[in-house]
2 protein chains.
Amino acid sequence: MSVRLSSPEDYEDLLEKYDTWMFDCDGVIWSGDHSIDGAIEALDMLRSRKKKVLFVTNNATKSRKKYKSKFDGLGIEAHVDEIYGSAYASAVYISSVMKLPKDQKVYVIGMSGIEDELHDEGVSFVGGTDPADCTLEPFSLANFTLDTKVGAVLCGLDMKINYTKLSKAFQYLTRNPGCQFLATNEDSTYPTSDGLLPGAGSISAPLRYALDKDPISIGKPASTMLDCIKAKVNFDPKRTIMVGDRLNTDILFGQNGGLATLLVLTGITTEQDITGQKASPIIPDYVTASIGDLLAVANSP
Amino acid sequence: MSVRLSSPEDYEDLLEKYDTWMFDCDGVIWSGDHSIDGAIEALDMLRSRKKKVLFVTNNATKSRKKYKSKFDGLGIEAHVDEIYGSAYASAVYISSVMKLPKDQKVYVIGMSGIEDELHDEGVSFVGGTDPADCTLEPFSLANFTLDTKVGAVLCGLDMKINYTKLSKAFQYLTRNPGCQFLATNEDSTYPTSDGLLPGAGSISAPLRYALDKDPISIGKPASTMLDCIKAKVNFDPKRTIMVGDRLNTDILFGQNGGLATLLVLTGITTEQDITGQKASPIIPDYVTASIGDLLAVANSP
């Protein structure tokens with residue numbers, strides 16, 4: 001059973017227990033283009049109490065640098081080295097864990113966020129935003145030359161997904177021996193201010209189906225993302241809490257990494273998802289309505 | 001165990017047993033843009049012996065009329081009423097089985113073959129080849145008006161698949177109560193003269209993933225396709241044989257419908273797929289190298 005936080009003492013206890021606070025962003029700190037009520041003040045309060053604040057997002061459409069400008073635009077304090085995105089984690093995974101040989105490259109199905117992070121990690125890539133790949137013109141294998149140096153295909157959310165990209169990726173994954181099938185993340189949906197759209201998991205789904213094979217997924221809930229943070233930040237998992245709005249990504253990510261977990265109800269998950277007969281088997285340690293509730297401590301005597 | 005056909009007597013026995021011969025096309029009668037050796041003569045021989053010949057294809061990119069011109073171009077005798085495609089079967093399913101109300105319409109992810117067949121069955125549709133939907137421009141829900149009259153989404157192979165089509169289909173399937181999720185077929189790959197590309201099943205896969213729901217699939221191996229043929233053609237399943245190159249579509253289709261099955265090895269399935277430790281659990285009644293082998297009867301005394 002999750003603990004429902006309500007009294008100022010509940011929140012004060014939480015602040016005493018945890019030094020490092022990891023936050024999902026969309027549905028937690030902001031929703032589309034506006035910040036969640038109280039989020040800015042709650043983050044400021046944590047910083048004033050010397051808590052380490054990290055932002056852990058599956059959004060791979062933007063690099064960390066571009067993601068920071070989203071914080072800036074909403075007036076939320078954030079630093080690039082506090083931001084961990086699945087594009088960055090994927091680039092680190094390819095260069096440092098998979099150790100893709102320097103003469104090999106990645107075929108990207110995704111947007112500039114992935115390209116920027118691969119570039120910063122010194123990983124070569126093709127596809128992505130290349131106009132030759134962003135086309136609805138017919139794809140023909142007769143006009144396709146297999147690049148034998150493509151050693152991995154990395155899929156993230158790609159709003160220019162098309163049959164040429166899928167066909168090229170399929171060739172690399174079936175014809176280049178050892179070519180790895182990777183996904184930045186597998187969120188089923190992508191939240192916008194006006195509602196849900198198909199998520200990154202929907203973009204790798206055609207290849208998953210055609211190959212009858214699952215990709216290695218880097219983002220939450222996979223532990224790869226946490227390994228990437230551990231390599232850069234010093235924190236004690238026992239004194240760390242993950243705050244998120246999605247049970248099967250954020251909360252599961254925290255649980256997989258041995259962190260405490262706090263679910264907020266300002267995003268995807270509703271009260272019905274965690275109560276009643278059809279409740280998820282993924283149970284967060286704590287539940288509160290909104291990140292703004294943390295401010296109750298400031299008002300406590 | 002399958003019976004391996006080899007002697008003229010084997011083929012003669014087969015002709016005596018079966019009056020109605022259903023053929024898959026790609027990988028059986030032709031491969032890409034050339035006919036399989038002996039296919040034309042074998043079909044002529046069956047017709048000369050008064051066999052009923054039917055063509056049963058999952059290819060939904062062309063209407064039956066346009067599909068006939070493929071036969072014509074290869075010099076193969078075929079008549080429109082002998083051709084059953086998954087686009088036609090889908091249109092019949094929507095109008096006659098699902099009985100979509102006349103004031104409702106279908107959102108199409110697919111090519112002109114689906115549109116032509118829906119039109120001929122008197123079913124209204126949107127999407128498909130509409131230039132407004134064949135775009136890589138960003139999709140925004142803010143500029144999208146939900147058409148509440150869309151009562152079904154039908155997915156087939158679509159070489160102009162894009163994020164706008166996926167996003168619109170996702171809206172209809174999540175926001176229009178009772179909107180049906182249909183697929184012409186779910187072939188994982190699409191064979192071309194130069195190799196394999198992602199198939200129709202890959203095009204519905206993003207929605208399947210985002211919705212966590214399988215579509216109703218109309219083409220082989222589903223019995224819907226056979227129901228559609230039964231409504232138009234008189235045949236005795238016990239004296240009918242399905243000839244195909246794919247175990248999980250053609251042969252399973254025949255078995256699901258109580259037909260005899262003959263596997264040919266001129267397409268997707270290789271000798272290795274039906275022998276050895278990793279052999280498929282789908283066992284055809286008969287196996288022969290090629291449709292041209294049927295001509296052995298003509299040379300028998």
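Side-chain atoms are counted along with the backbone in the values below, which use heavy atoms only and exclude waters and symmetry mates.
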At a 4.5 Å cut-off on heavy atoms, which part of A:T135 comes close to chain B: side chain, backbone, both, or neither?
backbone
Please find the pair of heavy atoms, one from A:Y209 and one from B:A205, that lie closest to each other, and give the distance.
CB-CB, 3.8 Å
A:R208, part contacting chain B, at a heavy-atom distance under 4.5 Å
side chain
Is A:T189 close to chain B through its backbone or its side chain, or both, or neither, when contacts mean heavy atoms under 4.5 Å?
side chain
Under 4.5 Å from a heavy atom of chain A, the part of B:P138 involved
neither
Which region of A:D158, side chain (C-beta onward) or backbone (N, CA, C, O), has a non-hydrogen atom less than 4.5 Å from a non-hydrogen atom of chain B, or is it both or neither?
backbone
Out of curiosity, B:K165 NZ to A:I161 CD1, how far, rounded to the nearest 0.5 Å?
13.5 Å
If I measure from the heavy atoms of chain B, does A:E137 come under 4.5 Å with its side chain, its backbone, both, or neither?
neither
Bottom line for B:T192: the part with an atom under 4.5 Å from chain A's heavy atoms is side chain
List the steps and the verdict of side chain to side chain contact (heavy atoms under 4.5 Å, CB included) for B:F170 and A:L197.
CA-CA 7 Å; B:F170 184 71; A:L197 294 176; 5.6 Å; no
Take atom CG in A:D130; do more than 12 heavy atoms of anything else shown fall under 6.0 Å from it?
yes
Return the CG to CG distance between B:N143 and A:D194, rounded to the nearest 0.5 Å.
8.5 Å
SG of B:C134 to CG of A:N162, rounded to nearest 0.5 Å, is 12.0 Å
Among B:P198, B:S167, B:S188, who wins on heavy-atom pairs under 4.5 Å with chain A?
B:P198
Has A:D37 got more than 12 heavy atoms of other residues, nucleotides or ligands less than 6.0 Å from its CG?
no
Using a 4.5 angstrom heavy-atom cutoff, name the option from B:S204, B:G201, B:G199 with the most pairs to chain A.
B:G201
Where do B:S202 and A:A210 come nearest, in terms of heavy atoms and distance?
OG-CB, 3.5 Å
Do other residues, nucleotides or ligands put more than 12 heavy atoms under 6.0 Å from A:K68 NZ?
yes
Would a distance-only check, ignoring hydrogens and angles, find a side-chain to backbone donor-acceptor pair under 3.5 Å from A:Q171 to B:L196?
yes
Would you say B:K70 has more than 12 foreign heavy atoms packed within less than 6.0 Å of its NZ?
yes
With a 4.5 angstrom heavy-atom cut-off, could you sort out which part of A:L157 is near chain B: side chain, backbone, both or neither?
side chain
A:L211 portion near chain B, given a 4.5 angstrom heavy-atom threshold
neither
For the atom pair CZ (B:F139) and CE (A:M159), what is the distance rounded to the nearest 0.5 Å?
10.5 Å
